[in-house]
Amino acid sequence: MPELPEVETIARGLDQRVAGDRIESVWVGGKPEPLKSSASEIVSTLEHSQIARVRRVGKHIVVDLGRAAKKVRQKPGNKPDATSKNAQWIVHLGMTGNLIVTQPETELPKHTHLIARLASGRELRFVDPRRFGRLSVVKESGFAAAGAEPLDVGVEIFAGLFRKRKTPIKSALLNQKLLSGVGNIYADESLFRAGIRPRRRAASLTREELRRLYESLQQVLREAIAAGGSSISDYVDSNGDEGYFQFQHRVYQREGEPCLVCETPIKRVVIAGRSSHYCPKCQE
DNA sequence: ACTATTTCCTGGATGC
DNA sequence: TGCATCCAGGAAATAG
């Protein structure tokens with residue numbers, strides 16, 4: 001399941017491979033598709049646009065589009081249409097979504113919802129079996145995530161996010177309006193490293209604990225990005241390669257296995273409908 | 001203004 | 001073997 005490190009890995013790979021390429025035509029699947037914008041809006045925005053850059057914002061992949069080399073004639077007084085420059089294609093991968101760059105001959109996977117044919121002859125495909133992913137376009141650049149970037153935010157602002165929250169710290173970490181990009185894996189892993197139980201009320205964390213959580217979260221995200229993300233279920237990067245951070249998980253999906261620090265069996269509880277893993281001895 | 005719960009969706013695992 | 005059931009989870013919607 002793509003969280004910040006996985007999305008970062010995919011976005012970097014895509015940027016390397018398709019930046020500068022041009023989208024010649026777009027196919028969108030026929031059935032009700034995971035689209036936030038209308039299908040026609042997506043098609044008209046993407047077609048004939050150039051991919052300027054691909055980057056990550058929170059858990060979103062942002063494709064910055066430039067005007068295509070081919071001039072589109074505008075009548076004076078007409079509002080710029082969706083193909084004007086600075087449009088953005090926003091992709092949220094949900095649980096099982098992925099963007100794959102491939103040759104057209106490569107067999108079309110089931111659950112392919114969008115195909116963008118590129119000037120280079122390759123195809124950029126959005127594939128998402130579980131259909132939790134979302135596609136949208138914005139006509140003016142300026143897409144921004146609601147929450148703070150965990151790797152950019154300062155420790156004071158980070159601590160302030162949680163000061164008045166009664167909700168469990170685990171839920172607060174997952175709240176994208178506070179922080180964007182943290183999902184279940186890295187919430188559990190950062191809480192373990194910080195020695196904090198997931199059920200603790202966010203507001204009850206001391207200054208010192210918040211500082212530890214801040215450091216732990218940044219550390220685990222950086223390590224995971226360096227490892228190419230965690231390949232749980234079917235995550236692979238835009239090259240089709242698996243990440244390997246799943247081998248460095250200390251608590252996530254390790255219920256009953258010994259804590260790597262103290263050998264106490266790792267516990268699993270459900271908090272706000274999400275499974276949460278922690279060491280009952282190392283985390284207070 | 002917050003917080004908790006439900007819903008969406010499919011493939012893989014489990015159970016009888 | 002086959003069929004039903006459960007579970008995973010991000011975020012939007014709904015309820016409190």
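First the proteins, then the strands, lettered A, B, ... as listed; each starts at 1.
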Measure from [atom1] on [X] to [atom2] on [N] and round the result to the nearest Å.
{"X": "Arg134(A)", "N": "dA11(C)", "atom1": "CZ", "atom2": "P", "answer": "11 Å"}
{"X": "Glu3(A)", "N": "dG9(C)", "atom1": "CD", "atom2": "P", "answer": "9 Å"}
{"X": "Leu178(A)", "N": "dG10(C)", "atom1": "CG", "atom2": "P", "answer": "15 Å"}
{"X": "Glu255(A)", "N": "dA8(C)", "atom1": "CD", "atom2": "P", "answer": "10 Å"}
{"X": "Arg274(A)", "N": "dT5(B)", "atom1": "CZ", "atom2": "C1'", "answer": "11 Å"}
{"X": "Lys166(A)", "N": "dG16(C)", "atom1": "NZ", "atom2": "C1'", "answer": "14 Å"}
{"X": "Arg163(A)", "N": "dC2(B)", "atom1": "CZ", "atom2": "P", "answer": "16 Å"}
{"X": "His277(A)", "N": "dG9(C)", "atom1": "NE2", "atom2": "C1'", "answer": "12 Å"}

Taking 4.0 Å as the cut-off, does a side-chain nitrogen or oxygen of [X] come that near to OP1 or OP2 on [N]?
{"X": "Ser275(A)", "N": "dC7(C)", "result": "no"}
{"X": "Lys59(A)", "N": "dA11(C)", "result": "yes"}
{"X": "Tyr252(A)", "N": "dA8(C)", "result": "no"}
{"X": "Arg268(A)", "N": "dA8(C)", "result": "yes"}
{"X": "His92(A)", "N": "dA11(C)", "result": "yes"}
{"X": "His111(A)", "N": "dG11(B)", "result": "yes"}

Please determine, by modelled atom types, if Ser120(A) and Arg122(A) share a side-chain donor-acceptor pair under 3.5 angstrom.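 A pair is found: one side chain offers a donor N or O, the other an acceptor, under 3.5 Å apart.
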
Measure the acute angle between the ring planes of Phe126(A) and His113(A), then classify it against the limits of 30° and 60° as parallel, tilted or perpendicular. tilted

Test applied, side chain to side chain donor-acceptor pair (under 3.5 Å); reference residue, Tyr186(A); option that passes from Glu6(A), His249(A), Glu3(A):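 Option passing the side chain to side chain donor-acceptor pair (under 3.5 Å) with Tyr186(A): Glu6(A).
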
Aromatic stack Phe132(A)/dG9(C): centroid gap under 5.5 Å, interplanar angle under 30°: yes

Rounded to the nearest 0.5 Å, what separates atom CG in Leu217(A) from atom CZ in Arg222(A)?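 Reported value, rounded in 0.5 Å steps: 9.5 Å.
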
When all nucleic acid strands are considered with a 4.0 Å heavy-atom cut-off, which category describes Lys177(A): base, sugar-phosphate, or nothing?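 Lys177(A): no heavy atom of the nucleic acid under 4.0 Å.
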
Residue whose closest nucleotide on DNA chain B lies nearer the 5' end, Lys110(A) versus Asn175(A): Asn175(A)

For Glu263(A), does the CD atom sit with more than 12 other heavy atoms under 6.0 Å from it, leaving out its own atoms? no

Could you tell me whether the side chain of Arg130(A) has a donor or acceptor atom within less than 3.5 Å of a complementary atom in the base of dG11(B)?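 Such a pair does not exist between side chain and base.
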
If you check every side-chain atom of Arg165(A), which of dA4(B), dC2(B), dG9(C) has the closest atom?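 Given the options dA4(B), dC2(B), dG9(C), the side chain of Arg165(A) is closest to dC2(B).
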
